Amino acid sequence: MTDTSALQIAIIGGGPAGLMAAEVLSQAGLSVDLYDAMPSVGRKFLLAGVGGMNITHSEAAEAFLSRYGERRDAIAPLLADFDAGALREWIHGLGIETFVGSSGRVFPRDMKAAPLLRAWLKRLREAGVALHTRHRWLGWNDNGDLRLATPNGERRVRADAVLLALGGGSWARLGSDGAWVPLLEERGVVIAPLQPSNCGFEVAGWSPLFRDKFAGAPLKHVAIRLDDEEPRQGEFVITATGVEGSLIYALSARTRQRIAETGSAILYLDLLPRHSPEKIAAALARPRGSRSMAKHLHSQLGIDGVKAGLLRELTPAETFADNTRLAAAIKALPLRLEHPRPLDEAISSAGGVPFEALDSNLMLRALPGVFCAGEMLDWEAPTGGYLLTACFASGRAAGLGMLDWLRERR
Ligand SMILES: Cc1cc2nc3c(=O)[nH]c(=O)nc-3n(C[C@H](O)[C@H](O)[C@H](O)COP(=O)(O)OP(=O)(O)OC[C@H]3O[C@@H](n4cnc5c(N)ncnc54)[C@H](O)[C@@H]3O)c2cc1C
């Protein structure tokens, strides 16, 4: 094997992708310096642990891969080397147990990210990885050196190979602010615009009454679909401007694309997924005497609170006089979405460095010696652990790709 130990490797970005690349490269005996703009690394990773860190998913490989949609074929080789099972083994190797939740999602035993990150950083430091926080990458100077803004002024760093793992563009206050986009564009890399993924959406405007009463209210045990797709069951939340939550995020890629194509997207909401329209119409047809329609809907079908409010909000008054039409509305309430919420609020970003701009080592064709990994690559996936899994796997693949490239050159 050729000697690569004298080489200087710079990794920029200390999220899961950059840290995984640092692990692979330091294990191979390379001298690794990792730079991050923030005062500490892994801030988004830690945030992901706040509501319960869903690190990967236990479903079968083909179903897992299908979550990457149009980018399935680009992600497949990354996961072939480091899939959900390998990721779990790796976590266990850090002394952190994992478990599979009822939905098939995989979590660390204590649901948290902090113990995992602590153990990992300790191992990386012991392996010789030098972490440089408060080092913001500004691009390259004319000599090809990296420009890094530090509290003590600008530093110039010469590296034999560079790995960028700068994240997407959401939650900028945690470090991934997308400021890298023009830096690569200036060097001839065509970047797909960063867009919100796993995000909330805005409606044309709730009535003030509905908004004031129901903003923040969760709709549970409902189903939604876009067009004639198979409906998905779950829950989401009414916001002051529209909707958000896991069920909405699951459809966010297609919804965002539809809005871009046609100006809006209509999601059809089923308020009673376990009831057929006939059963609903029969229940509505029962005598209601002097009771109001609201009381009738509540007593016959359990529709009340935010579900009743949304039915009123989205259904013309005359529909309430026709049981068949009302039953149809309860099964397919059209919810028109007009805009995604801003990128900064999203769980993740779509867009970024297209796979077409990279070779099989995840090296930029336009910039030999510069590799990319993680959410800054142009792929998206729903929540469910698919985001982190692809970040870890691409960090590993880019690290190994860099090793191959360095060995071939020497
Ligand atoms: C609220 C929330 C919850 C989430 N929950 C989950 C979950 O449960 N499961 C899941 O799979 N995914 C989850 N995610 C997504 C997941 O956290 C991200 O996909 C993942 O962290 C991306 O990893 P990364 O290494 O590519 O980038 P990041 O983690 O974003 O790291 C990028 C790093 O690069 C640094 N950086 C950026 N620009 C520069 C620069 N110019 N110079 C120097 N450093 C720079 C940043 O400071 C940052 O540390 C969640 C995200 C959010 C926002």
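What you are looking at is a predicted structure, and each value in this text was computed from that prediction instead of being measured. Numbering of ligands and ligand atoms starts at 1, following listing order. Scope of the values below: all heavy atoms of this structure, side chains included, with no hydrogens, waters or symmetry mates.
Protein heavy atom at the shortest distance from atom 35 (C) of ligand 1 is Asp36 OD2, 3.3 Å. For atom 27 (O) of ligand 1, the closest non-hydrogen atom of the protein is Gly167 CA, 3.3 Å. Atom 17 (O) of ligand 1 has as its closest protein heavy atom Lys44 CG, 3.7 Å. Protein heavy atom closest to atom 43 (C) of ligand 1, with residue, atom name and distance, is Ala37 N, 3.2 Å. Among protein heavy atoms, atom 34 (O) of ligand 1 sits closest to Gly13 CA, 3.3 Å. Ranking protein heavy atoms by distance to atom 9 (N) of ligand 1, first place goes to Asn54 O, 2.8 Å. Closest protein heavy atom to atom 50 (C) of ligand 1: Ile347 CG2, 3.6 Å. Scanning all protein heavy atoms for the shortest distance to atom 42 (N) of ligand 1 gives Trp137 N, 2.8 Å.
Looking at Val50, Leu46, Leu166, it is Leu166 that brings a heavy atom closest to atom 38 (N) of ligand 1. For the residues Ala48, Gly15, Pro16, the heavy atom positioned nearest atom 21 (O) of ligand 1 is part of Pro16. The option from Leu388, Leu377, Ile11 that lies nearest to atom 10 (C) of ligand 1, judged by heavy atoms, is Leu388. Summarising the contacts of atom 32 (C) of ligand 1 with Ser394, Ala165, Gly175, the nearest heavy atom is found in Ala165. The nearest non-hydrogen atom to atom 1 (C) of ligand 1, considering only Thr389, Leu47, Leu174, comes from Leu47.
There is a side-chain donor-acceptor pair under 3.5 Å between Glu313 and Ser207. Judged purely by distance below 3.5 Å, without hydrogens or angles, the side chains of Thr315 and Arg312 never pair a donor atom with an acceptor atom. Judged purely by distance below 3.5 Å, without hydrogens or angles, the side chains of Lys44 and Ser170 pair a donor atom with an acceptor atom.
The pair Arg225-Asp270 fails the salt-bridge criterion, with no side-chain N (NZ, NE, NH1 or NH2) lying under 4.0 Å from an Asp/Glu carboxylate O. Between Glu356 and Arg365, no side-chain nitrogen of the basic residue sits less than 4.0 Å from a carboxylate oxygen of the acidic one, so the salt-bridge criterion is not met. At a threshold of 4.0 Å, the pair Arg156-Glu154 counts as salt-bridged, since one of the basic side-chain nitrogens sits closer than that to a carboxylate oxygen. Taking 4.0 Å as the cut-off between side-chain N and carboxylate O, Asp142 and Arg147 do not count as a salt-bridged pair. For the pair Arg341 and Glu244, the salt-bridge criterion is not met [side-chain N within less than 4.0 Å of a carboxylate O]. For Arg88 and Glu97, the salt-bridge test fails: no basic side-chain N is under 4.0 Å from an acidic carboxylate O.
His339 and Phe201 have their aromatic ring centers separated by at least 6.0 angstrom. Here the two rings, on Phe392 and Phe82, have centers that are 6.0 Å apart or farther.
Backbone and side-chain nitrogen or oxygen atoms of Ala17 are examined, and one is located within less than 3.5 angstrom of a nitrogen or oxygen of ligand 1. For ligand 1, the polar-atom distance check against Tyr35 finds no nitrogen or oxygen pair separated by under 3.5 Å. The distance criterion of under 3.5 Å between nitrogen or oxygen atoms is met by Glu375 with respect to ligand 1.
For ligand 1, the atoms sitting less than 4.0 Å from at least one non-hydrogen atom of His135 are 42 (N), 43 (C), numbered in the order shown with element in parentheses. The atoms of ligand 1 that sit less than 4.0 Å from any heavy atom of Met38 are 47 (O). Within the listing of ligand 1, atoms 26 (O) sit less than 4.0 angstrom from a heavy atom of Gly374. Residue Ser176 approaches ligand 1 through these ligand atoms, each under 4.0 Å from one of its heavy atoms: 30 (O), 46 (C). Short contacts between ligand 1 and Gly385, defined as distances under 4.0 Å to a heavy atom of the residue, involve ligand atoms 11 (O).
If you look at Ile12 next to ligand 1, the close heavy atoms, those under 4.0 Å, all belong to the side chain. Of the heavy atoms in Cys391, only side-chain atoms (C-beta onward) come closer than 4.0 Å to ligand 1. For Met376, no heavy-atom contact with ligand 1 is shorter than 4.0 Å. Of the heavy atoms in Trp171, only side-chain atoms (C-beta onward) come closer than 4.0 Å to ligand 1.
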Legend entry - Pair Arg105-Asn54, side chain to side chain donor-acceptor pair (under 3.5 Å): steps then yes or no: CA-CA 6 Å; Arg105 293 171 180 230; Asn54 176 199; 3.3 Å; yes
Inset, instruction - Begin from the C-alpha positions of Glu229 and Tyr268 and carry the test side chain to side chain donor-acceptor pair (under 3.5 Å) through to its verdict. - result: CA-CA 10 Å; Glu229 285 176 359; Tyr268 292 93; over 6 Å; no
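More than 12 heavy atoms of other residues, nucleotides or ligands lie within 6.0 Å of NE2 in His275, so this atom counts as buried by the packing criterion. Counted within 6.0 Å of NE2 on His221, heavy atoms from surrounding residues, nucleotides or ligands total 12 or fewer; the atom is thus considered open.
For the ligand labelled ligand 1, residue Gly14 lies inside the 4.0 Å heavy-atom shell.
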